[in-house]
Amino acid sequence: MRAFADLLDRLIYTRSRNAKLRLIGDYLRATPDPDRGWALAALTGTLDLPAVKPALIRALIQERVDPVLFGLSRDFVGDTAETVALLWPAPQSPLEPSEPLSLSEVIGRLGSITRSDAPAVLAEMLDRLDSDERYALLKLATGELRVGVSARLAKTALAQAFELDVDAVEEVWHGISPPFLLLFDWAEGRGAQPTVLDVPVFRPFMLAHPLEESEVSLQDYAAEWKWDGIRVQLVHVAGQTRLFSRAGDDITHSFPEIASAFTQSGVLDGELLVKGTAQGTTMDEGAGAASFNALQQRLGRKAVSAKALQEYPAFVRVYDILYNGTQDVREFPWSTRRNLLENFAEILDPERFDLSALIEAKDFRALEEVRAEARNAAIEGVMLKRRDSPYVAGRRVGLWYKWKRDPLTADCVLMYAQRGNGRRSSFYSDFTFGCWNAEGELLPVGKAYFGFTDEELKWLDRYVRNHTVNRFGPVRETDKTLVLEVAFDSIHLSKRHKSGLAMRFPRVSRIRTDKPAHEADTIEGLTKIVT
């Protein structure tokens with residue numbers, strides 16, 4: 001546990017990507033199995049310890065220290081795990097000497113206990129650890145490491161540490177369970193490279209770079225719409241079907257009607273959408289797709305009711321093909337894969353699948369005009385795919401581009417602020433903003449925590465501290481005089497919000513110190529652009 005705590009501590013204070021790769025690689029080489037495998041699972045977000053919840057941790061610390069002291073300390077520190085790690089008192093009676101807790105022992109115990117046993121087990125472990133180890137334990141238990149390490153970076157560190165190809169690691173990753181003993185056997189030459197040919201596992205998606213060039217040639221690139229759903233991968237292997245999200249999460253149980261309809265051997269890439277009520281076929285009608293707001297009614301459900309299946313019927317608009325039957329076609333050029341996909345799509349259930357249409361335009365200028373007119377709620381932008389591009393994991397320069405539609409903007413008033421997490425835990429960086437209703441009341445319309453520079457974050461943090469008029473736990477209410485220009489992709493009606501509106505992907509685009517708060521936008525004005 002000591003070595004893992006030290007790793008987290010160093011990662012938190014390391015900004016350089018290469019330095020983070022070295023730190024993780026050194027840890028993986030120096031740490032024995034299975035501890036390093038569990039550490040890798042934690043860093044990549046594949047560790048699940050359901051018995052420990054944040055509420056349990058708060059209850060434990062409030063039994064041992066003054067709840068008011070904890071509340072004030074949590075507000076100052078900005079992170080529950082760090083606060084508890086620092087405040088946790090020494091045991092009232094000395095502990096019997098014991099062996100130091102190993103990471104695998106911690107995972108084993110937390111993974112096997114019930115929720116009723118969790119308080120006593122967690123408290124006993126906290127008593128045996130120092131503050132750094134307590135912090136690591138609590139972050140492990142809640143699955144909220146937030147040390148500036150993505151799953152891809154951790155896998156890259158593993159690949160570099162053992163001279164493996166990171167794409168080969170990605171290929172087998174989802175077919176191996178923590179603590180990844182087969183993976184480390186392969187990495188250190190004790191075993192063969194794992195294979196997942198007969199297992200319905202996730203293959204990493206090919207991703208696109210934002211289009212920053214002025215234009216590309218449509219002779220070299222094909223254009224198709226980027227629909228506003230969620231990217232999914234359909235896998236049917238050895239009689240089994242799985243539906244994976246972009247992050248590799250298995251969401252088959254959430255969309256059983258899609259899984260049961262995909263019975264052809266192969267692997268497809270597509271966009272998960274909900275059918276529009278009008279079932280239109282033109283672009284203005286969304287080509288049969290409803291907005292993301294409709295899809296949200298289905299996302300995250302462990303059990304799907306018959307009512308949800310009927311009211312929000314899902315379908316997949318297929319983009320690409322990775323396996324044609326049992327044949328891996330990812331190395332084929334896009335134009336060849338497109339032909340294969342068109343043939344494959346003909347045998348799919350038309351109630352649950354359709355083929356993403358290509359955009360016809362004589363040149364880039366004509367495409368630009370088509371894109372500018374695409375304000376439909378179901379359209380996020382345009383994809384540009386090089387016709388000779390293979391299907392490769394991750395982002396490769398020059399192969400695929402995403403040309404998102406221009407964002408909408410609104411002038412909103414800052415209402416509330418809360419501290420961030422990780423390296424932002426000392427700053428007020430989560431901002432709730434609102435617009436005026438007809439009665440002159442400010443109502444929240446969204447929350448944003450990115451879009452600003454580090455310097456702007458410092459400015460906003462000072463502003464919040466100097467203009468606080470009320471506090472609600474970790475939340476500060478401001479005097480509602482600062483206007484923020486907020487960019488967002490779309491806005492939808494929402495019964496969950498007092499304003500009746502919810503923004504999609506809001507971000508702070510500009511600090512409007514030049515504009516008085518009473519000139520900010522209104523709920524009525526935003527309602528007119530609801531999609």
Side-chain angles (χ1 to χ4, degrees), residues 203-234 244-247 267-274 281-292 295 315-322 329-330 332-342 344-345 353-407 489-490 504-505 531:
R203 268 85 178 182
F205 279 106
M206 183 170 181
L207 306 175
H209 279 279
L211 183 67
E212 296 175 350
E213 303 174 41
S214 58
E215 60 181 70
V216 297
S217 169
L218 295 191
Q219 291 183 339
D220 297 329
Y221 288 84
E224 60 184 313
W225 294 112
K226 170 65 178 76
W227 298 91
D228 196 13
I230 66 167
R231 191 95 172 269
V232 291
Q233 186 176 115
L234 290 151
F244 295 104
S245 71
R246 175 172 161 169
V267 179
L268 301 183
D269 177 351
E271 195 83 7
L272 181 66
L273 300 158
V274 161
T281 57
T282 69
M283 285 303 133
D284 289 340
E285 295 168 327
S291 70
F292 184 81
L295 179 60
F315 73 104
V316 174
R317 183 153 288 155
V318 293
Y319 288 146
D320 213 323
I321 184 166
L322 286 68
V329 297
R330 287 174 292 178
F332 291 10
W334 175 87
S335 56
T336 302
R337 296 198 313 277
R338 176 70 189 193
N339 290 333
L340 293 172
L341 180 64
E342 290 174 355
F344 198 103
F353 307 95
D354 68 12
L355 180 66
S356 175
L358 301 180
I359 303 173
E360 297 296 333
K362 65 178 182 179
D363 55 29
F364 190 84
R365 297 294 174 82
L367 177 63
E368 194 169 20
E369 293 177 5
V370 173
R371 169 184 168 271
E373 295 173 358
R375 197 69 247 181
N376 184 277
I379 296 173
E380 187 180 336
V382 170
M383 292 294 297
L384 293 161
K385 300 180 179 179
R386 191 169 177 88
R387 297 178 187 273
D388 60 359
S389 62
Y391 192 101
V392 291
R395 291 182 175 86
R396 300 294 176 89
V397 176
L399 298 186
W400 285 11
Y401 290 110
K402 181 191 292 186
W403 193 15
K404 297 188 70 172
R405 63 187 181 186
D406 295 332
D489 286 3
S490 58
R504 174 131 162 90
F505 291 139
T531 52

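Any value given below was found using the heavy atoms of this structure, including those in side chains, with hydrogens, waters and symmetry copies removed. On a predicted model such as this, the values are computed, not experimentally measured, just so you know.
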Go through the structure and list residues passing side chain to side chain contact (heavy atoms under 4.5 Å, CB included) with F505, not counting sequence neighbours.
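D489, R507.
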Which residues share a side chain to side chain contact (heavy atoms under 4.5 Å, CB included) with S245, sequence neighbours left out
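Counting only residues at least two positions away or on another chain, S245 forms a side chain to side chain contact (heavy atoms under 4.5 Å, CB included) with A247, D249, I251.
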Whether the side chain of [X] engages the backbone of [Y] through a donor-acceptor N/O pair (distance < 3.5 Å, no angle test) should be reported.
X	Y	result
R371	W225	no
Q233	F205	no
R231	D269	no

To the closest 0.5 Å, what do you measure between [atom1] ([X]) and [atom2] ([Y])?
X	Y	atom1	atom2	result
K385	R337	NZ	CZ	8.0 Å
L322	L234	CG	CG	10.5 Å
L218	R365	CG	CZ	12.0 Å
D228	R504	CG	CZ	4.0 Å
M383	L211	CE	CG	10.5 Å
L367	E360	CG	CD	11.0 Å

Let me see the working for L341 and L355 under side chain to side chain contact (heavy atoms under 4.5 Å, CB included), right down to the final yes or no.
CA-CA 8 Å; L341 180 64; L355 180 66; 3.6 Å; yes
Would you check if D320 and W334 make a side-chain contact, meaning some heavy-atom pair closer than 4.5 Å?
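Result yes, sub-4.5 Å side-chain heavy-atom pair found.
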Quick one: are E368 and E215 in side-chain contact, heavy atoms under 4.5 Å?
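A side-chain contact under 4.5 Å is absent here.
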Test F344 against V318 for side chain to side chain contact (heavy atoms under 4.5 Å, CB included), laying out the working first.
CA-CA 10 Å; F344 198 103; V318 293; over 6 Å; no
For [X], give me all partners under salt bridge (charged side-chain N to carboxylate O under 4.0 Å, His left out), at least two apart in sequence or on another chain.
X	answer
R396	D167
E342	R338
D220	none

Under the salt bridge (charged side-chain N to carboxylate O under 4.0 Å, His left out) criterion, do R317 and E271 qualify, and how do the steps go?
CA-CA 5 Å; R317 183 153 288 155; E271 195 83 7; over 6 Å; no
Run the side chain to side chain contact (heavy atoms under 4.5 Å, CB included) check on V370 and V382 step by step: do they pass?
CA-CA 10 Å; V370 173; V382 170; over 6 Å; no
Name all residues meeting the side-chain hydrogen bond (donor to acceptor under 3.5 Å, both in side chains) criterion together with W400; count only those two or more places apart in sequence or in a different chain, and write none if there are none.
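W400 satisfies side-chain hydrogen bond (donor to acceptor under 3.5 Å, both in side chains) with S389 once adjacent residues are dropped.
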Y401 to P210 - nearest heavy-atom pair and separation
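Where Y401 meets P210 most closely, the heavy atoms are CD2-O, 3.9 Å.
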Stepwise, does the side chain to side chain contact (heavy atoms under 4.5 Å, CB included) test hold for R246 with L207?
CA-CA 10 Å; R246 175 172 161 169; L207 306 175; 3.9 Å; yes
F364 and W403: ring-ring contact (aromatic ring centres under 6.0 Å, His included), yes or no, with the steps?
CA-CA 12 Å; F364 190 84; W403 193 15; 4.9 Å; yes
